[in-house]
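What follows is a set of notes on a single structure, which appears directly below.
Just so it is clear: chains get the letters A, B, ... in the order the sequence lines come, proteins before strands, and each one is counted from 1.
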There are 2 protein chains.
Amino acid sequence: MAPPLDQRLPSPALTVDAVVFGVDDGELKILLIQRGMVPFAGSWALPGGFVKLGEDLEKAVRRELESEAGVRPSRLEQVAAYGRPDRDPRQHVVSIAFAALVRLDQHSPHAGTNTRLAAWFAVDRLPELAFDHALIVRDALARLRSELSHTPVGIDLLPPKFPLRDLQHLHEQISGRSLDKRNFRRSVLDSGLLQELDEREPAARHRSARLYSFNQDACSALET
Amino acid sequence: MAPPLDQRLPSPALTVDAVVFGVDDGELKILLIQRGMVPFAGSWALPGGFVKLGEDLEKAVRRELESEAGVRPSRLEQVAAYGRPDRDPRQHVVSIAFAALVRLDQHSPHAGTNTRLAAWFAVDRLPELAFDHALIVRDALARLRSELSHTPVGIDLLPPKFPLRDLQHLHEQISGRSLDKRNFRRSVLDSGLLQELDEREPAARHRSARLYSFNQDACSALET
DNA sequence: CCAAAAGTGTTTCACTTACACCCATGA
DNA sequence: TCATGGGTGTAAGTGAAACACTTTTGG
């Protein structure tokens with residue numbers, strides 16, 4: 001099945017990359033890092049880096065996200081592995097991509113805390129990306145879309161209390177189509193995942209919206 | 001983002017593993033290889049092996065499948081990457097798992113052609129598996145199940161001409177539940193993916209069934 | 001003529017979609 | 001009082017699920 005480990009051939013390098021989704025200003029955005037060195041110096045790329053020997057993949061992603069952008073996502077899910085030999089011009093690098101959801105309200109206002117220049121970009125207005133990262137983003141978005149119907153993605157993207165309008169906008173952003181207000185409310189309320197709160201939004205010059213929160217118990221019961 | 005390649009730390013080894021599905025004797029089976037060496041010498045495992053530098057992941061899987069079991073699958077799809085540091089007792093090995101579909105009628109009757117002992121096992125009667133391969137099989141099965149609704153999996157598992165009964169049995173095997181004959185026929189015929197042939201099964205001591213084939217054009221039109 | 005599997009329609013139910021107006025609030 | 005967004009119900013349509021008998025064939 002495999003040669004003994006101590007006499008095996010050189011193998012590709014292994015990295016992880018993360019597509020970090022967040023909602024900012026009502027828009028779905030992803031976190032990008034500006035590269036400091038060749039190849040693709042100066043262009044934008046997904047946060048990520050090499051996996052250390054003995055390190056779990058998910059831990060590697062969290063370590064890189066923390067150090068590159070000061071971000072601690074609540075949930076991480078694998079998207080796919082990318083292994084085309086020419087995807088990195090230097091040498092063969094296989095990357096395992098993760099999708100992460102973060103609540104921007106929990107993180108330092110906007111950009112990176114630590115070493116590199118980090119910024120949030122609306123998913124429909126991304127700059128040119130290094131390597132095959134545009135492909136990875138496409139796949140991660142597709143995955144997020146398909147999860148939209150099965151799992152309460154809002155729980156990891158919205159603040160703890162939110163009006164239904166924001167949840168609807170989030171779903172519209174992710175699915176890329178506009179939804180009927182009444183149908184959306186019915187389906188999401190009937191699902192039993194939301195908790196109606198006795199609070200309302202700060203008053204504007206119109207009727208203020210009721211706030212909701214996710215019902216943690218009902219949501220975690222879904223996972224099984 | 002990453003240290004220069006020539007001064008980076010030692011990184012985990014990289015392998016690919018394949019869950020090869022086939023239909024044999026009306027049952028859904030997967031291909032296993034008996035390991036010849038430690039660890040897990042003598043126990044059954046998924047076919048797979050190390051990825052060579054510069055080699056595409058899918059090519060690596062095909063190479064291993066060809067050499068370990070003489071199998072050439074028509075379609076390969078990624079399942080996930082498995083990276084727990086303790087999944088291989090020797091050292092940290094990250095494996096990218098693929099699911100493959102093969103038509104057993106196209107391959108040498110049963111076991112491996114080449115080097116190792118290979119055999120087909122019904123998915124519901126698998127032996128103990130090495131490493132975390134039982135987990136990988138579970139995930140691959142889950143993926144196959146979810147594809148059942150979207151894609152014509154039969155095209156890669158059944159012979160070119162088959163009675164509807166066989167297709168229904170296949171769907172029942174994969175989904176793990178029994179299906180209503182009339183509803184199944186209606187839905188699969190309405191889908192337009194099948195071509196009704198002017199042939200029937202060899203006669204038994206009962207009415208012989210009409211044969212069908214997949215409409216290649218309609219199927220490939222789906223992929224978009 | 002009997003055993004064995006092939007083949008065939010209709011009804012019911014749940015779910016999704018489309019659709020328009022009144023209400024509360026602050027400026 | 002007006003502009004702005006919050007909040008509400010019903011009807012039609014579409015797709016899934018349940019359900020039983022007749023037909024063909026070879027032995």
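Rounded to a whole Å, the CD atom of A:Glu201 is 13 Å from the P atom of C:dG26. In this structure, CD of B:Gln168 is placed 12 Å from P of C:dG7, rounded to the nearest angstrom. Following rounding to the nearest Å, B:Asp190 (CG) and C:dG9 (P) show an atom-to-atom distance of 12 Å. Separating the CZ atom of B:Arg185 from the C1' atom of D:dA16 is a distance of 19 Å, rounded to the nearest angstrom. Taking atom CD of A:Glu196 as the reference point, atom P of D:dG6 lies 15 Å away to the nearest angstrom. When the C1' atom of C:dG7 is taken as reference, atom CZ of B:Phe184 falls 14 Å away, rounded to whole Å. Between the P atom of C:dT16 and the CG atom of A:Leu179 lies a distance of 13 Å, rounded to the nearest Å.
Using bins of under 30°, 30° to 60° and over 60° for the plane-to-plane angle, the ring pair A:Phe162/A:Phe214 lands in the tilted bin.
Separating the CG atom in B:Leu164 from the CG atom in B:Leu170 is a distance of 12.5 Å, to the nearest 0.5 Å. Within the model, atoms CG of B:Leu57 and OG1 of B:Thr15 stand 10.5 Å from one another, a figure rounded to the nearest 0.5 Å. In this structure, CD in B:Glu147 is found 7.5 Å from CG in B:Leu101, a value given to the nearest 0.5 Å. Note that CZ of A:Arg185 is 11.0 Å distant from CG of A:Asp180, once rounded to the nearest 0.5 Å.
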Using the side chain to side chain contact (heavy atoms under 4.5 Å, CB included) rule, take A:Trp44 and A:Leu117 through it: C-alpha gap first, then chi angles, then the decisive distance, then the call. CA-CA 10 Å; A:Trp44 295 92; A:Leu117 179 58; 4.2 Å; yes

So A:Glu66 and A:Arg62, salt bridge (Lys or Arg N to Asp or Glu O under 4.0 Å) or not? Walk me through it. CA-CA 6 Å; A:Glu66 173 74 40; A:Arg62 291 189 185 278; over 6 Å; no

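Comparing the axis of the opening five pairs of the helix from C:dC1-D:dG27 to C:dA27-D:dT1 with that of the closing five pairs yields an angle of 10°, rounded to 10°.
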Scoring nucleotides 19-27 of chain D by protein non-hydrogen atoms under 4.0 Å (B base, S sugar-phosphate only, - none) yields BB--BBBSS

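Among the candidates A:Arg165, A:Arg210, A:Arg207, the single residue satisfying the salt bridge (charged side-chain N to carboxylate O under 4.0 Å, His left out) test with A:Glu201 is A:Arg165.
Remark: nothing in residues 157-167 of chain A comes within less than 4.0 Å of DNA chain C through any heavy atom.
A donor-acceptor contact closer than 3.5 angstrom links the side chains of A:Tyr82 and A:Asp139.
At the heavy-atom level, A:Arg210 lies under 4.0 Å from the strands shown only through sugar-phosphate atoms.
A 4.5 Å side-chain heavy-atom check between A:Arg72 and A:Leu65 finds every atom pair outside the cut-off.
Minimum interatomic distance between B:Phe121 and B:Leu126 (heavy atoms only, all atoms of both residues): CB-CD2, 3.6 Å.
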